[in-house]
Every structure is written in structure tokens, then in C-alpha cells.
Amino acid sequence: MTGSCICGAATVTIEQAPGFINDCNCSLCRRSGAGWGYFSRSQVTAAGETLAVERKDKAVAAVTLHACAACGTTTHFTLSEAFLKDNPDADQVGVNMKLFDASQLEGVEVRFPDGASWSGSGEFGYRRDPITISADSFW
């Protein structure tokens, strides 16, 4: 399945829908406008020119956000080089599942972590109950 940015210049292809989607309210997720599905690097193919951005408000940025160079839509994140230096076996790509049609995500659970209140260690709390995507609705 392939999702695309607003203008269609950047695409992300995945083999299957994720097990769940996180719609987090932390500053990074909220400002990027993304709902994340998680995959290993081998399960994701990104195409088209993207701009890469790492946050500057953390000592070590865990992820590098990618957005379409033409329209600015957030497409995915990769683990940052600094994070991989300390975690060489880490293998994760976050894909913005809002690039895909609801019909492609039917039956996938959307979770709502309270990242804005998360201390940075331990489990996330959740700000509301999860929902399940149906073909004619989105979260």
C-alpha cells in the first residue's frame, strides 16, 4: 500500500497496515500533524525528495522527521544517527498513516498516548480510549 503527501511528490510504501497507530499529543507529533504506524526499515520504501529535520530542544534527537520538499507534508521518521550511535540494533521507521486512505486502514486501532505529560521514562499514559478505523471514517 502506498500513501502520498498532499501534492503527490513524496510517497511511502508499506507491505501492510500497522498493528496500531499512535496519535500522540507531544510537541513533535502534534506539530508534525502525524499519526504514527511503526515498521522496520526493510518494510518501508520512501520515494521523492524530502527535507530532513531533527529537533533542537533535546540533547539527543531520537528521530529525524522527513517532509515533502514541495508541499511540506510530514511523511515519515527515521531514527537519528546520534540515537543509532548509542542504540546500533534499533530498527524502526515511523510512517505518517494520515497519508493513507481510511479504507486501507480499516480495522486498525488508533491509540492516543499522552506524550505531552510523559516524563520520558516508563509507560505512556493515554488521554482517551482507543478507536478502530472504519472504511468511511478517520480519526
Side-chain angles (χ1 to χ4, degrees):
M1 42 194 284
T2 299
S4 67
C5 65
I6 294 167
C7 73
T11 61
V12 178
T13 301
I14 52 179
E15 297 173 8
Q16 62 188 28
F20 66 92
I21 297 168
N22 268 344
D23 188 350
C24 180
N25 67 344
C26 76
S27 61
L28 180 137
C29 294
R30 185 173 43 81
R31 290 179 178 145
S32 68
W36 302 112
Y38 305 99
F39 303 89
S40 65
R41 288 181 292 232
S42 65
Q43 295 175 306
V44 178
T45 303
E49 184 181 356
T50 61
L51 302 173
V53 176
E54 291 183 1
R55 37 187 329 170
K56 303 296 183 201
D57 63 334
K58 303 285 182 186
V60 174
V63 301
T64 302
L65 285 175
H66 296 267
C68 174
C71 69
T73 302
T74 301
T75 55
H76 65 293
F77 73 70
T78 55
L79 297 176
S80 71
E81 289 184 26
F83 181 83
L84 287 170
K85 180 180 174 186
D86 293 332
N87 303 279
D89 295 330
D91 181 20
Q92 185 181 68
V93 174
V95 174
N96 183 1
M97 300 311 298
K98 293 181 179 183
L99 302 178
F100 298 85
D101 292 330
S103 62
Q104 296 175 289
L105 302 172
E106 188 169 10
V108 176
E109 181 179 83
V110 180
R111 301 173 184 174
F112 299 91
D114 187 8
S117 299
W118 185 50
S119 68
S121 63
E123 295 292 318
F124 279 115
Y126 290 88
R127 62 188 198 279
R128 62 181 268 203
D129 290 335
I131 62 168
T132 301
I133 297 173
S134 64
D136 60 350
S137 69
F138 217 62
W139 74 98

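What you see below is based on every heavy atom in this structure, not just the backbone, and it leaves out hydrogens, waters and symmetry mates.
Annotation: the span from E109 atom CD to D129 atom CG amounts to 10.0 Å, rounded to 0.5 Å. Here the SG-CG distance, from C26 to D114, works out to 10.0 Å after rounding to the nearest 0.5 Å. Interatomic distance, CZ of R41 versus CD of Q92, reported as 10.5 Å (0.5 Å rounding). To the nearest 0.5 angstrom, S103 atom OG is 8.5 Å from M1 atom CE. Taken to the nearest 0.5 Å, the CD1 atom of I6 stands 3.5 Å off from the OG1 atom of T73. Here CD of E106 is found 9.5 Å from CD1 of I133. Values are rounded to the nearest 0.5 Å.
Of the possible donor and acceptor atoms, none in the side chain of N25 sits under 3.5 Å from a partner among the backbone N and O of F112.
Minimum interatomic distance between I21 and L105 (heavy atoms only, all atoms of both residues): CD1-CD1, 4.2 Å. Heavy atoms only, all atoms of each residue included: A70 and A9 are closest at CB-CB, 4.4 Å. When every heavy atom of E54 is checked against every heavy atom of V63, the shortest pair comes out as CG-O, 3.7 Å. The two residues S32 and T74 have their closest heavy-atom pair at O-OG1, 3.0 Å. Between F39 and I14, the shortest heavy-atom distance links the atoms CZ-CD1, 3.6 Å. Counting all heavy atoms, side chain and backbone alike, V93 lies closest to H76 at CG1-CD2, 4.2 Å.
Considering only heavy atoms from C-beta on, D23 comes within 4.5 Å of R127 through its side chain. Using a 4.5 Å heavy-atom threshold, the side chains of L99 and V12 count as touching. Contact check for C29 versus W36: side-chain heavy atoms found under the 4.5 Å cut-off.
Under the 4.5 Å side-chain heavy-atom criterion for grouping Ile, Leu, Val, Met, Phe, Trp and Tyr, L65 is connected to Y38 within one hydrophobic cluster. When hydrophobic clusters are built by joining Ile, Leu, Val, Met, Phe, Trp and Tyr residues whose side-chain heavy atoms come closer than 4.5 Å, directly or via intermediates, V108 is grouped together with I131. By the rule that hydrophobic residues join a cluster once side-chain heavy atoms approach within less than 4.5 Å of another member, F124 and V110 end up as members of separate clusters. The cluster map of Ile, Leu, Val, Met, Phe, Trp and Tyr, joined by side-chain heavy atoms under 4.5 Å apart, puts F77 and V53 in different clusters. The cluster map of Ile, Leu, Val, Met, Phe, Trp and Tyr, joined by side-chain heavy atoms under 4.5 Å apart, puts V44 and L51 in different clusters.
The local environment of CZ in R30 is crowded, with over 12 non-hydrogen atoms from other residues, nucleotides or ligands closer than 6.0 Å.
Partner of H66 under the side chain to side chain donor-acceptor pair (under 3.5 Å) criterion, chosen from T75, T78, N96: T78.
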